[in-house]
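What follows is a set of notes on a single structure, which appears directly below.
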There are 2 protein chains.
Amino acid sequence: MNKKKIDINQYIRPCCRNFEPYVAGKPIETIKRELGLKNVIKLASNENPIGPSSKAVKAIKNTANNVFFYPDSNSWKLRKAVSKKFRIDISSILLGSGSDEIIELLAKAFFMPQDEIVVSEHAFIRYKMAGDLLDSTVVTIPMENYTHNLKAMFKAINEKTKAVFIANPNNPTGTYNDTGEMEEFLKNISELSCERKPLVIMDEAYYEYARSFKDYPETLKYIADYPNLIILRTFSKIYGLAGLRVGYGFTSRDIVDYIERIRPPFNITSISQEAAVASLNDLSQVKKSVRMVNEQRDFLYNELKKINLMYIPSAANFILIDVAPKAGQDVFREMLKEGVIVRAMDEYNLPNHVRVSIGLPKQNRFFITKLKKVLNRKRG
Amino acid sequence: MNKKKIDINQYIRPCCRNFEPYVAGKPIETIKRELGLKNVIKLASNENPIGPSSKAVKAIKNTANNVFFYPDSNSWKLRKAVSKKFRIDISSILLGSGSDEIIELLAKAFFMPQDEIVVSEHAFIRYKMAGDLLDSTVVTIPMENYTHNLKAMFKAINEKTKAVFIANPNNPTGTYNDTGEMEEFLKNISELSCERKPLVIMDEAYYEYARSFKDYPETLKYIADYPNLIILRTFSKIYGLAGLRVGYGFTSRDIVDYIERIRPPFNITSISQEAAVASLNDLSQVKKSVRMVNEQRDFLYNELKKINLMYIPSAANFILIDVAPKAGQDVFREMLKEGVIVRAMDEYNLPNHVRVSIGLPKQNRFFITKLKKVLNRKRG
């Protein structure tokens, strides 16, 4: 088997040949190593800097000696805890290794090469990647004011449309569609003829932050009436368990049944299951996190205004900032050298923006100081 | 959107419609709950009852407070540690959420509906599931003496064959193909014309146990010459980290490159990465585990002989036992009531066998006592 004779590219599924890997936020350790920096703060991945619930930390430590057992394949305790917390039947709950895995599970169960998947421009990029992985055609609808244009997305639906992804609020824009828009969209979907009803996949990863806004829709109540609606949530954001990969979702029993059939049997680690259950029992960590984000968002808005920087008002724990005429990549690189990891937005087709996660008060002050330095801006 | 009007089955990819979920070993807590038992031992999932390295436990506890950060997407520390341990370049290393995920990643990258995937009868069932998920045709080759028949598997290769799966040693039979057989198989593959060379996916989940057997092949050295060879290993078995989901593999740089493109960005939790790195630094836990399995395997062989039960000699930490004329399912159920979880083998087409993992000495004695009771056997 001569090495030179084999061209692996020819073995690969054609739809995977031009895949680009997902660009993750850089870990602090990587930056310290690569740039020889001692103090680095990460405001790149919309993590919760308050950290996990102390109850979750305790659960992790208590489970450490038992990791030689496989995880409970059904995540029974976690499923029950989610069911109780949200008062929804256990048969309507999806669990995954992050909501990211649930997105891919939905793709593997449903998406076919002849299907179209409708997504929004500037929406979380993993939706498109899921469509591409199954060789479906991904149809991208322009935003309106950096917000999902639900009317245009509805118009894009045709007999080939298998699913519509709505990120609410959206990452990286932080914008959301309000209750009125959402109800109209779902009503329009319900009035389609049966053959044309697509799945509606509603990603609410930042739900707990967004619900501070009064016109943010409470979608869970629609599950009973819309069997093709899927709502995704996560333990990665407000619960501070990003490192442990736990996402969850709500949908009809039939969809859960099919997803369960193709789900990898041990998709959530034993420690992650225990930490997630413990987190659900700690309301104080959630309240404290929401309060801090609300306060610090206002602080950052004010500081950005002072230096005449445009930003998109956000319903989540991050802000998309317009750094034009500078390239987002340049700002990202220069901020890195100052010890602040933010996120450039090239893969979201936003080459003059950076996204910054809302950190602890002192992190946000540090960020503003360094941003002024990098942009060479003074109070306007 | 009237509930009754939507038939989710029509939305599902046809190849997924008849999927059966993987049957996992029952967790102890589930059995205690379902049967109201106080003392239950689990010998159903080939876990390492000695448990994880104390270094791994320490690493888990030390990482607990930092789980609000996303995992390092590249698992850099772990990749480096595996590279150092096995003296193989970092560009040849695959990492996954269990080797289970690596199997699915290979399927997603390579398997197409027009492809054939060659597997052995009674081989680990996840290979077939990976082929089915991508709608490839899975070709199953009968075993010879409960062992992969490599000659027959080679003969089954044709121009449609995309991959051949070899579990060595195999779960659930515990049998292995020796160095001579493996070298002949690889040589035969190398002599195929270029268009017909399939991927050879060698699952060595039980490698550390099997290498006590002198004619067990050391395959890592073949990687350099066979760019289509993929070797899979895991932290779930001897390292006692089944609950944390970490698998690894070795293959050519080209294959790693493509897998990295479609890999979920955060497939290994932060805690799992740290625990795996720590485990690689604890040789004593591995040595102790191998010694115990070798001793206890002999103990179990002796006890099974005394009660005239047939078993398949095993190179791993489990034994496949022939309980005919009883049904394996019945023995499984009756053993459950006695507080011993073993595994029935129906989905492996072995209806008169049970698989028992080799436990701690007292667990094995308990197992034998209960097995005698259930089978109503006395010393032969």
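To find a chain, count down the sequence lines: A is the first, B the second, and so on, and within it residues start at 1. Predicted, not measured: the structure shown is a model, and the values here were computed from it.
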Is the count of non-hydrogen atoms from other residues, nucleotides or ligands lying under 6.0 Å from [X] atom [atom1] greater than 12?
| X | atom1 | answer |
| --- | --- | --- |
| B:Lys288 | NZ | no |
| B:Glu20 | CD | no |
| B:Arg196 | CZ | yes |

Residue selection (most heavy-atom pairs with chain B, distance under 4.5 Å) from [options]:
| options | result |
| --- | --- |
| A:Asp100, A:Ile255, A:Asn9 | A:Asn9 |
| A:Ala275, A:Cys15, A:Ser45 | A:Ser45 |
| A:Asp132, A:Asp254, A:Asn46, A:Asn74 | A:Asp254 |
| A:Met129, A:Arg17, A:Lys61 | A:Lys61 |

Contacting region of [X] [heavy-atom separation from chain B under 4.5 Å]:
| X | value |
| --- | --- |
| A:Asn62 | neither |
| A:Phe111 | backbone |
| A:Lys42 | side chain |
| A:Lys58 | neither |
| A:Leu134 | side chain |
| A:Leu133 | side chain |

Distance (rounded to the nearest 0.5 Å) between [X] [atom1] and [Y] [atom2]:
| X | Y | atom1 | atom2 | value |
| --- | --- | --- | --- | --- |
| B:Lys77 | A:Glu29 | NZ | CD | 7.5 Å |
| A:Thr63 | B:Ile60 | OG1 | CD1 | 9.0 Å |
| A:Ile6 | B:Tyr226 | CD1 | OH | 10.5 Å |
| A:Ser97 | B:Asn267 | OG | CG | 8.0 Å |
| A:Asp257 | B:Ile8 | CG | CD1 | 10.5 Å |
| B:Ile262 | A:Glu104 | CD1 | CD | 7.5 Å |

So what's closer than 4.5 Å to chain A heavy atoms on [X]: side chain, backbone, both or neither?
| X | result |
| --- | --- |
| B:Ile28 | side chain |
| B:Asn188 | neither |
| B:Ser54 | neither |
| B:Lys237 | side chain |
| B:Ala130 | neither |

Heavy-atom side-chain contact between A:Trp76 and B:Arg33 under 4.5 Å
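Yes, close enough: below the 4.5 Å cut-off.
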Over all atoms of both residues, closest heavy-atom pair of [X] and [Y]:
| X | Y | value |
| --- | --- | --- |
| B:Leu244 | A:Thr269 | O-CG2, 3.6 Å |
| B:Pro52 | A:Phe68 | CD-CD2, 3.8 Å |
| B:Glu260 | A:Pro21 | O-CB, 4.0 Å |
| A:Tyr11 | B:Met112 | O-CE, 4.3 Å |
| B:Arg245 | A:Tyr70 | NH1-CE2, 3.6 Å |

I need the residue from [options] with the largest number of non-hydrogen atom pairs under 4.5 Å to chain A.
| options | value |
| --- | --- |
| B:Val57, B:Leu192, B:Asp135 | B:Val57 |
| B:Pro265, B:Ala24, B:Pro27, B:Ser73 | B:Pro265 |
| B:Asp72, B:Asn65, B:Thr30 | B:Asn65 |
| B:Ala242, B:Pro49, B:Ser270 | B:Ala242 |
| B:Ala163, B:Gly98, B:Gly240, B:Gly51 | B:Gly240 |

Ignoring hydrogens and geometry, is there a side-chain-to-backbone donor-acceptor pair from B:Arg261 to A:Cys16 under 3.5 Å?
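A pair under 3.5 Å: no.
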Residues in side-chain contact (heavy atoms from CB on, under 4.5 Å) with B:Thr161, at least two apart?
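side-chain contact (heavy atoms from CB on, under 4.5 Å) check on B:Thr161 returns B:Glu116, B:Val118, B:Ile157, B:Asn158, B:Val164, B:Pro198.
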CA sep, side-chain torsions, deciding dist, call: A:Phe19, B:Tyr258, side-chain contact (heavy atoms from CB on, under 4.5 Å):
CA-CA 8 Å; A:Phe19 250 62; B:Tyr258 281 107; over 6 Å; no
